[in-house]
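Presented below is the structure to which this report refers.
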Amino acid sequence: MIASVFARHRRRPLTALCVGLLGSVAAQAASAADCPGHPDAIGTSRTIVVDPRAHPIIGTMQYNKTLPLEDREVVLTFDDGPLPKYSNQILDILASHCAKATFFLVGRQANGNPEGVRKVRAAGHTVATHTQNHPAGMHRLPLDRSKQEIEQGIASVTAALGDGTAPAPFLRIPGLRVNDGIEEFAASKGLQIWSADFPADDWRNVSANRVYDLAIQRLEAKGKGILLLHDIQPRTVAALPRILHDLKVRGYRIVHVVPATADRPATPTEPSQWQLHPPSEMVAISRWPKVPKFASAGPAALPVPALSHLDWHTTDLGLRTARRGRGVPLPPAALWPRPTTLPPVSTLATLPVPAASLFKIPESARLTLLASPTHRAAAAQARSTEASSAKVAGKSRRQGRTATTQPPEPAGHAEQTPQTQSAAGTAPKPATQAKRNGRSVRVAGLKKR
Ligand SMILES: [Zn+2]
């Protein structure tokens with residue numbers, strides 16, 4: 001049915017004239033200067049002609065390819081219309097910018113407002129379809145129902161156009177919820193499924209500012225692509241002028257997309273152009289071969305290796321295996337290397353003995369070493385032992401000398417110094433306290449430098 005609709009595809013004379021010009025559309029840049037009365041308009045920089053049969057699925061939200069756009073090129077798409085209250089405002093805004101877009105119309109909406117469908121076409125936009133009833137759970141529908149939705153949607157929009165012309169063979173699945181088999185069906189009918197490269201969430205209950213923010217942020221993140229909007233939402237109407245203005249300020253360009261026909265050949269492209277970011281020679285990438293799908297011949301087809309196939313010639317291997325009662329025997333000898341033989345003791349004796357002066361620590365470094373938490377813990381332990389010895393020996397001289405080697409303690413920490421513990425003759429949790437105090441001492445030591 002769809003094929004017959006496309007076979008009857010006719011154009012009006014005015015359209016034919018435009019199509020004739022499209023032979024060189026890629027080279028034509030309708031800049032803002034071509035938008036009379038709107039000096040700030042972004043305009044439509046070029047039109048590309050695509051062949052749905054050569055590229056049946058596009059949009060990186062779902063697929064690994066998208067329209068062959070240059071950097072900073074944007075394709076505007078609007079779903080779910082026509083709904084006169086908002087669709088007409090969207091058309092007015094686009095007209096004031098001379099910006100061309102693609103409208104994915106719902107068949108039921110077209111039935112209720114055929115004039116709106118014709119307005120979209122008369123304004124020079126691309127008319128595409130979005131199923132008949134916009135089922136929310138398209139992916140859960142039986143395949144036959146999904147096919148019916150698609151075909152009825154095309155039939156309704158065709159009827160609304162009123163002159164026998166068919167919509168462009170561009171299809172957007174409601175909610176982008178593709179069910180199994182629908183892509184194959186669409187391809188068999190010459191339909192191109194349009195996902196998108198980024199939405200602006202304008203179908204959610206968000207503000208117009210949020211729609212604007214998301215549109216710009218997501219576009220900036222990808223650098224180009226298909227923007228998904230809805231022409232039935234007041235927030236989209238409110239956000240669109242600012243989006244278009246900002247696109248121009250930021251150096252983006254609007255691209256219009258039309259389908260190829262017998263007398264309108266597709267814009268020549270390279271396969272790499274259909275990728276959002278084709279691999280560059282400047283970017284290192286790895287392409288691993290895919291794991292092949294092996295066809296199983298069944299478990300019984302593989303011969304079980306006999307023990308004689310193994311290259312182990314140990315005669316008692318079978319005995320050991322049987323004794324251990326396990327299927328995997330150990331190898332007869334360890335595989336790691338044997339220990340090497342050490343040189344004779346006489347050789348070691350010829351090595352020079354280091355002088356004692358090599359281990360002498362300069363006095364200037366001693367203070368820093370003493371300030372380390374590890375040393376403080378050891379020192380606290382040592383002093384605790386020394387204090388006990390001094391008490392037994394009746395000597396207090398050693399304790400006084402130890403105090404002079406300690407760095408200055410910051411105020412407020414003196415009550416927990418190791419000296420206090422030493423004086424008390426007890427050292428509860430010496431490591432913990434030394435660590436806490438050591439931190440303060442280290443700060444003081446750094447300040448001194
Ligand atoms: Zn929709």
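Atoms within a ligand are numbered from 1 in the order they appear, just like the ligands themselves. Computed from a predicted structure; not experimentally measured.
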Can you tell me how far apart [atom1] ([X]) and [atom2] ([Y]) are? Round to the nearest 0.5 Å.
| X | Y | atom1 | atom2 | result |
| --- | --- | --- | --- | --- |
| S87 | D80 | OG | CG | 9.5 Å |
| L76 | L228 | CG | CG | 11.0 Å |
| D197 | Y63 | CG | OH | 12.5 Å |

- Message: Between Q275 and T66, is there a side-chain donor-acceptor contact under 3.5 Å, judged purely by atom types and distance?
- Response: no

- Query: Any side-chain heavy atom of T158 sitting closer than 4.5 Å to one from P167?
  - Reply: yes

Please set out all donor-acceptor pairs under 3.5 angstrom arising from side-chain atoms of residues 94-105, sequence neighbours excluded.
unit_1, atom_1, unit_2, atom_2, d
S96, OG, I93, O, 2.6
H97, ND1, I42, N, 3.2
K100, NZ, A123, O, 3.0

- Query: How many protein atoms of type N/O/S are positioned less than 2.8 Å from the Zn ion (ligand 1)?
  - Reply: 3

